[in-house]
Amino acid sequence: MSAYTRAEARDWAREKLVGAVNCTIPSFTGDLRAVNERAVRHDIRLAKEHGFIGTLGVSEISITLDEYLEFLRISKDEAGDGFYVVHHASWNDLEQNLEAVRGAEAAGADLVLLAYPPNFYPESEQEIYDYTKAVCEATNLGIILFPMTIWNFGARIHPSDLPTRLIRRLIDDIPNIAVIKAEGGYPNIQSAVECNRLFGGEVVISVPIEGDLIPLSQVMPIQLSATSDHEYYGPMIPRVMQLLRDEKYDEATAIYWQLHPARQTKAGLFGALHGGSVLNRQAWKFQGWLQGYNGGPLRQPTMRLQDGQMTALRKGLLDAGLEPSMDPFREFFTGRNPA
């Protein structure tokens, strides 16, 4: 059961969601036939040790819904109270997403990141409204609304992907929309600024891109950075967010510049690693492995990693003065908790 009602979702988010939420990609046994429970628990424990307040259970990999819900149950069991598991509502169509969000709530998830299916091709704001409302009404959990370029709404609907007039309707009509993950029209900071100005008094505004988060937090209040591959930097993003809350801006700025070599490396590899509008979850898993997370094999179809890309990602962390794993790359493809 959720710790709050649909009507309480926004107050719950305002009180509880203070900090950074990373991403956990499911781990599998070596034969790729089952979820690797020990590896999942390892990743949740390490995320807690690194100071994250929660994690997104990534669903955009080759995994069945039953396996994914098992992964969420394991994650929440390991998480315990005070560490929040976010359901990734990224399934094939509305019917499956309704089944998934109900299952995620039963599995113990605390929150939902709303995505839109690749085959969803709305030609009006009303179609987006109807889809969003249907998913939100299927659960008591708080919803993270996610304006983002990859939905391919920009050319037909609005350059910001979800225009603020549509967000206004959704907030007015759907009480469990509790957070906006503000990446509309990516890459820019306008979505975060606009959403904070228009909606920041009603819902929590999340800035997930750490390169925007650190400077913007010095001029406007940002309590949440969810969800992103913050695990690439180990404990650094939770640490810098605490400095920002304490208004220690010089120290936070020093961390911004410390991380800059790694940030530049990651940005420079983005096109080759991810391509189009598909995030390379194998690369995200490798980024976490560099900081002690499990790593391990993913099923086909999965995007690949090249030696040069892995070398560059590790060197970026070294250039930033961090201490990534120096284990041979072959060990990433086995994982730290083989089963």
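Computed from a prediction, not measured in an experiment: that's the story for all the values here.
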For [X] versus [Y], what's the shortest heavy-atom pair and its separation?
X	Y	result
Gln291	Tyr232	NE2-O, 3.1 Å
Leu17	Leu224	O-CB, 3.8 Å
Gly185	Asp161	N-OD2, 2.6 Å
Leu32	Arg299	O-NE, 2.8 Å

Proximity of [X] and [Y] rings by center, below 6.0 Å:
X	Y	value
Phe329	Phe286	yes
Tyr293	His50	yes
Tyr68	His87	yes

Electrostatic pair [X]:[Y] at N-O distance under 4.0 angstrom:
X	Y	answer
Arg168	Glu202	yes
Glu78	Lys48	no
Arg336	Asp327	yes

_Check: Glu49 and Leu46 side chains under 4.5 Å, non-hydrogen atoms_ =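 Touching, per the 4.5 Å side-chain cut-off.
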*Can you find a heavy atom in the side chain of Arg41 that is under 4.5 Å from one in the side chain of Arg45?*
yes
*Just by distance, do the side chain of Lys266 and the backbone of Leu313 share a donor-acceptor pair under 3.5 Å?*
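Checked: no pair found.
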*asked:* For the backbone of Ala226 and the side chain of Ser206, can you confirm whether one donor and one acceptor N or O come within less than 3.5 Å of each other?
replied: yes
*I would like to know whether Asn36 and Thr29 meet side-chain hydrogen bond (donor to acceptor under 3.5 Å, both in side chains); could you show each step before the answer?*
CA-CA 5 Å; Asn36 183 342; Thr29 55; over 6 Å; no
Measure the acute angle between the ring planes of [X] and [Y], then classify it against the limits of 30° and 60° as parallel, tilted or perpendicular.
X	Y	answer
Trp151	Phe153	tilted
Tyr116	Tyr131	tilted
Trp289	Phe332	perpendicular

*Qualifying residue for side-chain contact (heavy atoms from CB on, under 4.5 Å) with Ile189, from Leu216, Leu213, Ile209, Val207*: Leu216
